Amino acid sequence: MPPRLGSRASHVQRSCGQCLHQTVCSGKRKPSNARNFSQSSSQSFQPSSRQATRLRRNMFAWLNGPGRAFREPQPMSTNYLGAYDKMGKLRRNQGRDMDSPATSAAEEEDVKDEGLSDAEKQELKEKRKAELEDAKAQQNMHIKPTAADFRPFPLNFSFKSEPVLSEGLREELWRQVVELKQSVATVSAVFGVDMRRVAAVVRLTTVEKEWVAKGEKLATPYASAVLAMLPQTRWSPTKKIYPHESINDLPVHPWTRQQIFYPTSESRHFTRADAAKVFSPTLLPADDRIPHPELVQLEREAANEVDRDQRLAAQKARDEKAQRAQQEKERKQAEWEAKNRRTVAGQRWDFNFTNISVEEAGKDGRGRRAVGWRYGNPHNDRKRGVIKIPTSVE
């Protein structure tokens, strides 16, 4: 029987946690600061102690120097990297001699205060420095922001941060729709906010108020911090209302994406209504498909030199007529649903059953109200034998 090695062998050929290769180890207890064999070398992936100290020193130098502007952002400013230079100064203040009057006055006061102690001089100096920074901040508020103030990424000149709605403007939009019973279209036209954004603001503000009534906790500090870093469209009852975004952009209808060859005579006056009928007999022209066609009518009346009071009266009458038509439409829809739809309550879901008619499918079976239409109905674009070019001229 071969002799066994003792438990206290002096030299064993094995892999030690302190070594990178297989070496002869004494078998002693591994110290607490030893690195496991599976870990990578600190010299390869981590900076050395001297390099880490230099990087840490540079970081704190930047935080106490140019980075102080981001710790204490200017009021009414976006506080983006693109708005400041490498020295931590606002780019829109370059070329302005803003520091000379206050600096000279502070230097004169320092010369006069020679009888104070060192601690009092230091305290007075810090106080004057804070007052000087406050004066600069107040002066920066009256300077119009430039394009660099809305560029969060300094190297990406194409990206521009768009403004968001402020808390006061969102609260006013909700009050106009919910409390004053104004239509979404009217509020959108008055405040210059898209109708979809107005509807979203009303829904979210309603949910927020319900949470507050239930005692739910809101992330108010987080929202305030995010809003402080973004450009905002503010609202004031005593100031002029500036539009937030373009509200009358024409949406691209799916029927207008196809290419159609439509022959017509050169002497014919081809209007937008004619172009809409070419795409589809039921497609409305561009003047009627925009979100706010009433604004076009107001511009036409202003171009025809109609009196302002008459324009306002006509617009008010049109708004009342549209409101009555909307109420009548909602009433008919409610009557139709009560007559043709019934709801069966289940354990987990409620099932809605609606009466249908076979005639709604149409002669070609492609009716919009037909059953299964929303699950997909292929077009005739790629079918053989279908002629898509015009064969006659009307």
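Position 1 is the first residue of the sequence; numbering continues from there. Just so it is clear, the model here is predicted, and its values are computed rather than measured.
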Open item on the list: With a sphere of 6.0 Å drawn around CZ of Arg331, does it hold more than 12 non-hydrogen atoms of other residues, nucleotides or ligands?
Closed with: yes
- [ ] I would like to know whether Lys239 and Arg234 meet side chain to side chain contact (heavy atoms under 4.5 Å, CB included); could you show each step before the answer?
- [x] CA-CA 10 Å; Lys239 295 182 180 180; Arg234 304 181 183 273; over 6 Å; no
Could I get the full list of side chain to side chain contact (heavy atoms under 4.5 Å, CB included) partners for [X], not counting sequence neighbours?
X      : value
Phe351 : Phe353
Gln323 : Gln327
Glu359 : Ser357

Please report the interatomic distance [atom1]([X]) to [atom2]([Y]), rounded to the nearest 0.5 Å.
X      : Y      : atom1 : atom2 : value
Glu305 : Arg311 : CD    : CZ    : 10.5 Å
Ser280 : Ile260 : OG    : CD1   : 9.0 Å
Met195 : Thr186 : CE    : OG1   : 10.0 Å

Can you tell if the side chain of [X] reaches within under 4.5 Å of the side chain of [Y], non-hydrogen atoms only?
X      : Y      : value
Phe191 : His244 : no
Leu230 : Ser161 : yes
Val193 : Val187 : no
Phe159 : Pro152 : yes
Ser188 : Pro291 : no

Tracing side-chain links under 4.5 Å among I, L, V, M, F, W and Y, which residues wind up in one group with [X]?
X      : answer
Leu295 : Ile247, Leu298
Val207 : Trp211, Val212, Leu218
Val252 : none

Which residue pairs pass the salt bridge (Lys or Arg N to Asp or Glu O under 4.0 Å) test with at least one member in [range], sequence neighbours excluded?
range            : value
residues 316-326 : Glu301-Arg318
residues 276-296 : Arg272-Asp287, Asp287-Arg300
residues 241-258 : Arg197-Glu245
residues 158-180 : Glu167-Arg170, Glu171-Lys209, Glu172-Arg175

Can you give me the closest heavy-atom contact between [X] and [Y], atom names plus distance?
X      : Y      : value
Tyr84  : Tyr80  : CD1-O, 3.3 Å
Val178 : Val202 : CG2-CG1, 3.9 Å
Ala83  : Asp149 : CB-OD2, 3.5 Å
Leu165 : Leu173 : CD1-CD1, 4.0 Å

Show me the donor-acceptor pairs within less than 3.5 Å that the side chains of residues 58-65 make with the rest of the protein, sequence neighbours left out.
| residue | atom | partner | partner atom | Å |
| --- | --- | --- | --- | --- |
| Asn58 | ND2 | Arg54 | O | 3.3 |
| Asn64 | ND2 | Phe60 | O | 3.1 |

Following the transitive rule for hydrophobic clusters with a side-chain heavy-atom cut-off under 4.5 Å over Ile, Leu, Val, Met, Phe, Trp and Tyr, establish whether [X] and [Y] coincide in one cluster.
X      : Y      : value
Tyr222 : Val164 : yes
Ile290 : Val184 : no
Phe270 : Leu283 : yes
Leu284 : Tyr262 : no

TODO: Assess the side chains of Trp174 and Thr206: does a donor N or O sit below 3.5 Å from an acceptor N or O?
DONE: yes
Side-chain ([X]) to main-chain ([Y]) donor-acceptor, under 3.5 angstrom:
X      : Y      : value
Gln258 : Trp255 : yes
Asn304 : Val306 : no
Gln232 : Leu227 : yes

Can you list, pair by pair, the side-chain donor-acceptor contacts under 3.5 Å of residues 339-350, counting residues two or more places apart and other chains?
| residue | atom | partner | partner atom | Å |
| --- | --- | --- | --- | --- |
| Asn340 | ND2 | Trp336 | O | 3.0 |
| Arg341 | NE | Thr354 | OG1 | 3.2 |
| Thr343 | OG1 | Asn352 | OD1 | 2.9 |

Task: Ion pair check, Lys214 and Glu210, cut-off under 4.0 Å - done: no
